[in-house]
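Here is the structure we will look at, set down as structure tokens.
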Amino acid sequence: MKKSRLKLFKTTSLTISLIGVILILLTIGVIGYVAVSGLSNSVSTTVSSGSAYDQLDQVKTQYEEVNKKYDTLNQKLGTNPDPSVKTTFNTGKIKLSEASQLISSTQNDINNGKSEEEIQSKLNQTKNKISEANDIYGQIAG
């Protein structure tokens, strides 16, 4: 009787040990999968935000160019410009101010990982504001 109990105990302990090893290996596999998946998502998010940063830099450059034009025009107009010209000039400056706010908002959205559609929408709005300001500048500078 002692031999059968000892054999049963030995078989049971080996089975429990084997199940424990299998569970440890499965746990390591799941943790590895989750880590690789998270790293993969992080890399793809970084790549797409890199493209958004490039587009934002282009928009910032356009903004700076038009803003410089307005600074130069402001100096040319002097202190007592024609009221209608001053009104048109102020409208253009408001468009530039709106573009500046959109640039800041877009920068925050990129940093916070907002969707690509949202970022593209804001970039397009910013480009439109800059284009409108540039058109107004063309009307004044004639």
With the 4.5 Å side-chain cut-off for hydrophobic clustering, are Val85 and Val66 part of the same group? yes
Salt bridge (charged side-chain N to carboxylate O under 4.0 Å, His left out) contacts touching residues 65-77 (sequence neighbours left out): Asp71-Lys93
Determine whether Val36 and Ile28 fall in the same hydrophobic cluster, where Ile, Leu, Val, Met, Phe, Trp and Tyr are linked whenever their side-chain heavy atoms lie under 4.5 Å apart. no
Closest heavy-atom pair and its distance - Tyr63, Ala99: CD1-CB, 4.2 Å
Only pairs at least two apart or in different chains count here, so list each side-chain hydrogen bond (donor to acceptor under 3.5 Å, both in side chains) that has a residue in residues 106-115. Tyr53-Asn111, Lys60-Gln107, Asp109-Lys122
Strictly distance-based, threshold 3.5 Å: is any side-chain N or O of Ser13 a donor or acceptor partner for the main-chain N or O of Phe9? yes
Does Tyr137 form a side chain to side chain contact (heavy atoms under 4.5 Å, CB included) with Leu96? I'd like the steps, not just the answer. CA-CA 11 Å; Tyr137 171 82; Leu96 281 177; over 6 Å; no
Compare every heavy atom of Gly92 with every heavy atom of Ala133, then report the nearest pair and how far apart it is. CB-O, 3.8 Å
May I ask you to test the Gln120-Gln55 pair for a side-chain heavy-atom distance under 4.5 Å? yes
Considering residues at least two apart in sequence or located in another chain, which fulfil the side-chain contact (heavy atoms from CB on, under 4.5 Å) criterion with Asn74? Lys86, Phe89
Ala52 and Ile119: which non-hydrogen atoms are nearest, and at how many Å? CB-CG2, 4.0 Å
Can you spot which of Leu123, Val59, Thr126 makes a side chain to side chain contact (heavy atoms under 4.5 Å, CB included) with Leu102? Thr126
